Amino acid sequence: QDKEKLEICKLNDPPSAETVKDMIKYARNVIEEFRRAKHYKYILCLTLPPLVELLEICELSLDKMGAVFEDSNVYMLHMMYQAMGVCLYVQDWEGALSYGQKIIRPYSKHYPSYSLNVASMWLKLGRLYMALKNRTAGVKALKRAIAIMEVAHGKDHPYISEIKKELEDH
């Protein structure tokens, strides 16, 4: 699966090996820079202006990496996940949903069928759809999360009961 996880853009003129190598180096550096910035801003207090800066780091790096990497590339997925997290924190539900929708298909491809990482993403998407009044998509996403969690945790797990109650309440 490494080839899929490190997939590059399919272009008429594919990037050179050196370009890909440089982009991987850039991606690793920007991920580390984001971690440091997130930690530093957390210590200072998570306020809106610093969070906007964190989102900007994500968006700028996604633009740059997107010239070489496919959305399914692990470096792209990592930054999309971070951007989604910032959007959730600032309650930008549409932004979070947009990133989550880009993440779910590659997650489903990279992780095993009953991965809790995939279930967690379906759960987030379901709750976002519900918050944005798209009940049909929300129910579908939450049911997908439940199906995975029933295998991973067992049908009687409290998490599953909690999500089923959410479905009933909507």
Side-chain angles (χ1 to χ4, degrees), residues 1-7 27-28 30-32 34-48 50-52 54-55 57-59 61-62 65 69-170:
Q1 282 188 333
D2 285 348
K3 188 176 179 185
E4 289 175 0
K5 290 179 181 177
L6 295 174
E7 199 164 353
R28 288 179 176 161
V30 80
I31 287 168
E32 186 55 38
F34 182 86
R35 282 188 183 131
R36 279 194 306 270
K38 190 167 124 180
H39 179 74
Y40 179 71
K41 291 185 185 349
Y42 181 77
I43 289 169
L44 288 179
C45 173
L46 286 172
T47 60
L48 205 53
L51 287 170
V52 171
L54 289 177
L55 189 56
I57 291 171
C58 294
E59 290 171 347
S61 65
L62 285 167
M65 290 188 295
F69 298 149
E70 288 290 338
D71 280 353
S72 61
N73 183 291
V74 291
Y75 296 113
M76 293 288 287
L77 288 170
H78 179 83
M79 290 313 293
M80 283 188 267
Y81 188 82
Q82 296 303 321
M84 182 182 184
V86 174
C87 289
L88 287 169
Y89 193 86
V90 300
Q91 299 180 358
D92 173 6
W93 309 136
E94 289 90 0
L97 180 63
S98 175
Y99 284 113
Q101 290 169 326
K102 290 178 185 175
I103 292 169
I104 192 62
R105 187 172 289 124
Y107 262 38
S108 298
K109 192 164 84 171
H110 294 327
Y111 288 109
S113 301
Y114 298 104
S115 166
L116 291 175
N117 291 319
V118 177
S120 174
M121 187 56 62
W122 279 120
L123 184 59
K124 287 176 186 169
L125 285 171
R127 288 176 171 160
L128 284 165
Y129 283 125
M130 292 297 207
L132 293 168
K133 309 293 186 233
N134 185 344
R135 189 179 192 296
T136 304
V139 167
K140 185 177 176 185
L142 290 173
K143 284 184 176 182
R144 291 182 98 163
I146 289 169
I148 294 169
M149 292 171 79
E150 283 180 340
V151 172
H153 289 306
K155 292 181 187 277
D156 298 329
H157 197 280
Y159 290 159
I160 295 165
S161 303
E162 187 180 307
I163 300 165
K164 286 181 177 177
K165 178 145 177 37
E166 276 182 58
L167 282 170
E168 289 171 14
D169 293 344
H170 282 328

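Note that this is a predicted model, so its numbers are computed, not measured.
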Seminar exercise, completed: d(E168 CD, I163 CD1) to nearest 0.5 Å is 12.5 Å
Seminar exercise, completed: Contacts of D169 meeting salt bridge (Lys or Arg N to Asp or Glu O under 4.0 Å) (sequence neighbours excluded), chain-then-number -> K165
Problem set entry | With Y159 via ring pair (Phe, Tyr, Trp, His ring centres under 6.0 Å) - residues at least two apart | H153, H157
For this session: Verify side-chain contact (heavy atoms from CB on, under 4.5 Å) between Y75 and V30, making sure each step is shown before the conclusion.
Result: CA-CA 10 Å; Y75 296 113; V30 80; over 6 Å; no
Exercise. About how many Å separate CG of N117 and NE2 of H110, when rounded to the nearest 0.5 Å?
Worked result: 12.0 Å
Problem set entry | Shortest non-hydrogen separation from L125 to G100 and the atoms involved | CD2-C, 3.6 Å
Exercise. Can you check whether S115 reaches P112 side chain to side chain, under 4.5 Å on heavy atoms?
Worked result: yes
For this session: Using a 4.5 Å cut-off on heavy atoms from C-beta on, say whether the side chain of I104 contacts that of V118.
Result: yes
Exercise. Is a side-chain N or O of S61 found less than 3.5 angstrom from the main chain of C58, in a donor-acceptor match?
Worked result: yes
For this session: List in chain and number order the residues that pass side-chain hydrogen bond (donor to acceptor under 3.5 Å, both in side chains) with S72, two or more places apart in sequence or in another chain; answer none if no residue qualifies.
Result: E7
Exercise. Any salt bridge (charged side-chain N to carboxylate O under 4.0 Å, His left out) pairs touching residues 79-106, not counting sequence neighbours?
Worked result: none
Problem set entry | W93 and L88: CA distance, side-chain angles, deciding distance, side-chain contact (heavy atoms from CB on, under 4.5 Å) verdict | CA-CA 6 Å; W93 309 136; L88 287 169; 4.0 Å; yes
Problem set entry | Residues in side chain to side chain contact (heavy atoms under 4.5 Å, CB included) contact with E59, at least two apart in sequence or another chain | L55, Y99
Exercise. Taking all atoms of both residues into account, what is the closest heavy-atom pair of I148 and S113, and its distance?
Worked result: CG1-O, 3.9 Å
For this session: Identify the two heavy atoms, one from M76 and one from E70, that lie closest to each other, and give their separation to 0.1 Å.
Result: CG-O, 3.3 Å
Problem set entry | Residue pair W122, L142: steps toward the side-chain contact (heavy atoms from CB on, under 4.5 Å) verdict | CA-CA 6 Å; W122 279 120; L142 290 173; over 6 Å; no
For this session: Measure the shortest side-chain to side-chain distance between M80 and L62 over non-hydrogen atoms and say whether it is less than 4.5 angstrom.
Result: yes
Exercise. Salt bridge (Lys or Arg N to Asp or Glu O under 4.0 Å) with E150: which residues, sequence neighbours excluded?
Worked result: K155, K164
Exercise. Nearest 0.5 Å, what's the CZ-CD1 distance between F34 and I57?
Worked result: 6.5 Å
Problem set entry | M84/L128 under side-chain contact (heavy atoms from CB on, under 4.5 Å): CA gap, chis, key distance, verdict | CA-CA 11 Å; M84 182 182 184; L128 284 165; 3.9 Å; yes
Exercise. What residues form a side chain to side chain contact (heavy atoms under 4.5 Å, CB included) with E32, not counting sequence neighbours?
Worked result: R35, R36
Problem set entry | Non-hydrogen atoms of A96 and C87 that approach each other most closely | N-CB, 3.5 Å
Problem set entry | Pairs involving residues 76-85, ordered by first then second residue, that meet side-chain hydrogen bond (donor to acceptor under 3.5 Å, both in side chains) (sequence neighbours left out) | K38-Q82, Y81-K124
For this session: Please round to the nearest 0.5 Å and tell me the distance separating atom CE of M79 and atom CG of D71.
Result: 13.5 Å
Exercise. Can you list every side-chain hydrogen bond (donor to acceptor under 3.5 Å, both in side chains) pair that touches residues 129-148, not counting sequence neighbours?
Worked result: Q101-Y129
